[in-house]
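First up is the structure itself, then whatever we jot down about it.
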Amino acid sequence: MQINDFVRTMQNPGGARRLSRSVNVDFILFLLLFLLCAFGLAVLFSAGGQDLFYVKRQLMFMIVGFVLMLGVAQISVRTMQRWAFVIYGLGLISLLAVLLFGVGAKGAQRWLDLGFTRLQPAEMMKICVPLMISAYLSKRFIPPTFEHVCWSVVMILMPTLLIVRQPDLGTAILVFASGFLVLFLAGLGKRYILGTGLISLAAIPVMWLFVLRDYQKQRILTLLSPEDDTLGSGWNIIQSKTAIGSGGFDGKGWTEGTQSQLSFLPESHTDFIIAVLAEEFGLIGVMALCTLYLLIIGRCLLIATNAQSQFGRLLAGSLGSIFFVYIFVNMGMVSGILPVVGAPLPMISYGGTAILTLFIGFGMLMAISREPKQMRTQF
Amino acid sequence: MIEEQAFSDPARERQIFVGRALLVSFLILVFTAVLIARYFDLQINQHQDFVTQSDNNRVHLRPNPPARGVIYDRNGEILADNQSVSNLTIIRERSGDLDELIENISALVPLSESDVKRFYKRLKRRRPFEQTPLKFNLSEQEQAILAVNEHRLDGVKVSARLSRFYPKRGLFAHVVGYVGRINEREITLIDPIQYSGTDSIGKIGLEKFYEDSLLGNVGSEHVETNARGRVMRVLDKVDPDSGSDLVLHVDSKLQQIAFDAFAGERGALVAMDIKTGGVLAMVSAPSYDANLFVSGISQKNYSRLLNSADNPMFNRAIQGQYPPGSTVKPLFGLIALDSKTVSPSTKIDDPGYFKMEGIERPWRDHNSERGGHGKGVDLAEAIIESCDVFFYKMGIKTGIDILSSESMAFGLGAKTGIDLPGEARGIMPSRIWKKENRGASWFNGDTINMSIGQGFMLSTPLQLAVMTSRIASKGKVIEPRLVKSIDGVDLITTESTQLTDIDPKYWDYIHQSMKGVVHSTKGTATSINRGLNYTMAGKTGTAQVVSISADEDYDKSKLNKRQWDHALFIAFAPFEDPQIAVGIIVENGEHGSSAAAPIARAVIDGYLNTDSDTTNVGNLALQGLSLYANQ
């Protein structure tokens with residue numbers, strides 16, 4: 001499919017449009033997400049040792065996710081904008097709650113036990129932060145002034161630092177990026193961008209000395225030379241590279257990947273699932289997945305540019321582009337060009353909160369795509 | 001907030017946004033290209049390397065160790081074989097924290113402190129992907145417990161393997177020897193491929209001497225394992241060749257008879273088949289259970305064996321060097337006859353001592369009451385009654401050079417070449433030997449001491465048996481051998497050649513004299529001829545442990561038992577057609593006749609009267625005959 005097709009569909013008031021008059025849904029996005037989920041479940045089945053356990057649970061999350069997405073799509077954009085501050089506030093409170101009462105796994109405190117289910121508030125912040133910043137900036141001068149940038153940065157940094165404390169560096173970086181993307185799309189001045197770059201560079205030694213924990217430093221060192229510690233922290237990355245590389249052009253075949261089926265690949269059903277895909281479906285599979293992702297992102301950016309309000313634009317644009325950041329961080333880390341941080345591959349990796357968060361995001365995008373025309377009166 | 005919105009300019013907002021969105025789209029395409037390039041590099045450019053790496057991950061060449069050759073006695077009784085045992089091993093690379101793991105294991109299976117200590121010691125020598133044993137010989141119950149808990153014990157494996165077992169325990173420890181864990185020194189000497197999967201090696205005895213034959217050839221299999229090391233399937237395999245089986249000349253019944261005959265005394269016996277040189281029995285008493293060493297002997301057991309005053313680990317039969325005493329008299333008599341320094345008609349007077357010109361101290365005749373063997377003692381009497389004075393005189397007359405060189409031909413003072421490691425050489429002194437080893441010239445006094453098998457002279461029980469065989473066969477080159485056949489193929493025994501061409505009448509003379517030792521009324525071993533159903537030839541001997549000065553009597557009441565004389569005896573039988581020769585020493589047994597000769601009788605009885613029913617009948621029927629022979 002080509003971007004042109006979307007444009008045509010968008011501009012052609014065809015059947016789909018008529019159907020969706022009563023129900024707010026973007027069929028193209030829906031279809032693409034459906035394909036992505038189906039592909040993801042197939043890979044998960046193989047990655048989970050050909051056991052239906054993970055597939056069943058993931059499928060349940062996906063069904064709930066689709067329902068949630070369609071539900072969110074019916075909420076008006078103005079309501080979202082109005083509630084953004086409250087949602088953001090609740091997110092911050094739950095992050096604080098994690099630090100105080102959270103339950104841990106593997107030395108990090110990331111979960112909030114609600115009794116019936118466990119939530120990962122940091123995942124939710126990936127939505128809350130762009131929602132908040134979009135709402136904040138859409139009511140202010142464009143491009144943002146120094147004062148507004150400062151307030152935005154404060155609002156981005158509060159959840160980011162709370163997440164760093166958990167510690168979950170990967171999610172913290174993604175949350176920061178999601179907020180920063182809103183600023184960027186809102187037309188953040190070149191001076192600020194340059195400044196952020198310089199501050200980031202200057203922050204590296206400070207982070208190294210004061211913020212990063214030993215295991216995080218180890219991961220960065222491992223990225224530079226994984227062969228130094230083949231059984232320790234280098235193990236994951238060596239095994240995932242081996243899985244990817246041995247997959248070759250067309251892969252070893254579904255459920256035939258020796259690296260994943262014989263358990264050499266760690267975290268094969270969560271963060272490292274792309275290695276299973278690459279091993280079993282080869283470069284063809286990787287390119288197919290990337291194409292699917294790009295189509296979804298393209299669709300999101302198109303929705304953003306066609307959005308009726310500045311809030312919708314910023315929110316849709318940032319959600320679409322942060323989606324790519326997730327993909328890049330995950331695929332980069334598994335293939336050994338980025339340090340290993342906890343970052344799932346969207347829609348493919350096993351994980352309930354991440355899936356639900358993504359679907360809520362896409363629900364918002366659908367809502368924005370059907371934003372009522374009357375918003376145009378502002379024109 | 002509402003007021004600020006009034007200043008917003010939607011058109012400009014949209015314009016700025018579209019610009020930024022295009023920039024973001026461009027960046028997304030660039031970064032996607034980076035990702036694709038990375039995956040292309042891994043999956044296309046480096047594909048082959050990673051395929052190899054992936055196969056190395058999962059496919060392992062696993063050695064398939066061969067079963068070690070079984071050792072049988074001449075009648076097919078098993079002396080050493082292999083038993084399947086289960087050991088608890090840990091693969092370092094796959095286990096988590098070792099201390100924690102061992103603690104978890106010890107909650108399931110009892111582990112001793114030394115098990116753990118030795119595990120850590122072994123671990124240092126193993127590579128992380130190798131199995132390091134923690135506990136050997138698991139019981140069936142322990143195996144079941146471990147199997148149930150396997151999932152929570154990462155890196156733990158119960159591996160079944162063949163372990164050496166010696167069903168006769170101590171009986172053949174000094175012959176068969178034992179295998180033990182390969183140590184650091186051995187690991188540098190062995191072929192690492194042949195020994196992959198094998199963790200023991202022959203340490204001593206036949207197990208060491210025939211290591212190459214017993215080991216066999218290692219096999220291998222390619223197996224696919226998962227990350228935990230569990231074998232998922234076998235891809236291909238090459239079966240190992242089992243080690244060669246050994247059949248010995250040794251008769252385990254005879255060995256048992258010989259061992260029992262020592263009845264707790266320390267000593268050694270070697271019995272040889274005179275026709276082939278095959279060793280029929282080889283005993284070193286006391287012995288020890290060879291099985292103790294197979295999976296590593298505990299420190300407690302080892303120091304108990306090592307510090308025992310009885311020295312059970314010392315193989316007296318081939319390593320014990322004792323003065324042969326009077327057992328050399330037949331040989332020396334033969335040499336003297338051959339060199340014409342004495343003749344059958346030579347007679348001497350024995351006053352009970354021997355004095356040499358210029359030396360004040362006399363040499364005593366040990367085997368007579370004061371007063372000596374009397375007048376007119378000839379060589380035969382000197383052998384039968386063991387008259388020392390005859391041999392003192394004969395020795396001086398024959399001279400060290402002839403005695404020394406001729407004795408060497410009979411196997412004294414040199415290794416016999418038996419198929420066992422660690423054989424001692426003994427000492428057959430000569431002028432050169434004394435110069436080199438004592439830095440002094442040879443004196444006649446040395447010859448006198450040596451002529452009754454004392455002084456510098458030392459020999460092993462094996463050497464005595466070889467000497468006896470060569471005398472019994474009238475000078476055939478008989479070489480001792482334990483192994484009869486390897487994998488059913490008889491070892492080639494070289495045609496016995498004649499040692500020396502000694503006049504047959506001298507051979508007969510010496511044989512008759514040795515017969516007299518057992519069968520004549522004045523013979524020193526006459527006590528063992530009661531009920532003998534065949535004719536035996538022999539010679540008793542006594543070896544001093546502490547030197548007794550000439551004017552002092554040997555009084556055992558003054559000495560503790562460790563200082564009593566060693567008792568020796570050599571014998572062959574049947575006299576008419578010699579088949580078996582024995583050499584015996586009983587440490588601190590005092591008299592060859594009383595301590596050592598009965599052992600020879602028991603062993604030769606056991607060999608010649610193999611069928612017990614006919615033995616009794618024969619004993620009765622032949623009693624008259626043997627009495628007749630005594631006269």
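We use all heavy atoms of the structure for the numbers below, so side chains are in, but hydrogens, waters and symmetry mates are not.
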Does any backbone or side-chain atom of B/Gln48 lie under 4.5 Å from a heavy atom of chain A? Answer side chain, backbone, both or neither.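 Interface part for B/Gln48: neither.
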Contacting moiety of B/Ile28, where chain A heavy atoms sit under 4.5 Å: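 Looking at B/Ile28, backbone and side chain both touch chain A.
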Which atom of B/Gln43 lies closest to which atom of A/Leu283, heavy atoms considered: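 Closest pair (atom of B/Gln43, atom of A/Leu283, distance): OE1-CA, 3.1 Å.
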Distance from [X] atom [atom1] to [Y] atom [atom2], nearest 0.5 Å?
X: A/Gln239; Y: B/Ser54; atom1: CD; atom2: OG; result: 9.0 Å
X: B/Arg14; Y: A/Ser309; atom1: CZ; atom2: OG; result: 11.5 Å
X: B/Asp55; Y: A/Gln259; atom1: CG; atom2: CD; result: 9.5 Å
X: B/Asp49; Y: A/Ser246; atom1: CG; atom2: OG; result: 11.5 Å

Between chain B and each of A/Ala278, A/Gly317, A/Cys290, A/Gly332, count heavy-atom pairs under 4.5 Å; write down the option with the most.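 Of A/Ala278, A/Gly317, A/Cys290, A/Gly332, A/Ala278 has the most heavy-atom pairs under 4.5 Å with chain B.
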If we define contacts as heavy-atom pairs under 4.5 Å, which of A/Leu301, A/Ile337, A/Leu265 has the most with chain B?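 Highest number of pairs under 4.5 Å: A/Ile337.
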Sorted by number, residues from residues 139-147 of chain B in contact with chain A (heavy atoms, under 4.5 Å):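 At a heavy-atom separation under 4.5 Å, chain A is reached by no residue of residues 139-147 of chain B.
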Counting a contact as any heavy-atom pair under 4.5 Å apart, which residues of residues 183-196 of chain B contact chain A?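 Within residues 183-196 of chain B, near chain A: nothing under 4.5 Å.
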Which answer fits [X], side chain, backbone, both or neither, if we ask what part of it has an atom under 4.5 Å from a heavy atom of chain B?
X: A/Ala186; result: backbone
X: A/Ile274; result: side chain
X: A/Phe184; result: both

Name all pairs fulfilling the side chain to side chain donor-acceptor pair (under 3.5 Å) condition that reach into residues 23-41 of chain B, sequence neighbours left out, sorted by first residue then second.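 Sorted pair list: B/Asp41-B/Asn45, B/Asp41-B/Gln46.
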So [Y] and [X], do their side chains get closer than 4.5 Å, heavy atoms only?
X: A/Phe264; Y: B/Arg58; result: yes
X: A/Ile244; Y: B/Phe50; result: no
X: B/Leu29; Y: A/Leu294; result: yes
X: A/Leu185; Y: B/Val24; result: yes

Check this for me: [X], atom [atom1], are more than 12 non-hydrogen atoms of other residues, nucleotides or ligands nearer than 6.0 Å?
X: A/Phe85; atom1: CZ; result: no
X: B/Arg12; atom1: CZ; result: no
X: A/Gln50; atom1: CD; result: yes

Go through it in stages, so that I can follow the logic: the residues are B/Asn57 and A/Thr258, the test is side-chain contact (heavy atoms from CB on, under 4.5 Å), and I'd like the CA-CA distance, side-chain angles, deciding distance and then a yes or no. CA-CA 9 Å; B/Asn57 255 350; A/Thr258 54; over 6 Å; no
Out of B/Leu27, B/Ile36, B/Val34, return the one with the most heavy atom pairs under 4.5 angstrom to chain A.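 Ranked by contacts with chain A, first place is B/Ile36.
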In chain order, what residues pass the side-chain hydrogen bond (donor to acceptor under 3.5 Å, both in side chains) check against A/Asp250, with sequence neighbours excluded?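 Partners of A/Asp250 by the side-chain hydrogen bond (donor to acceptor under 3.5 Å, both in side chains) criterion come out as none, since no residue qualifies.
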Between the main-chain N or O of A/Leu188 and the side-chain N or O of B/Arg20, is there a donor-acceptor pair closer than 3.5 Å?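 Side chain of B/Arg20 to backbone of A/Leu188, a donor-acceptor pair under 3.5 Å: yes, one is there.
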Would you call the rings of B/Phe31 and A/Phe328 parallel, tilted or perpendicular if under 30° counts as parallel and over 60° as perpendicular?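 Perpendicular, since the angle between the ring planes exceeds 60°.
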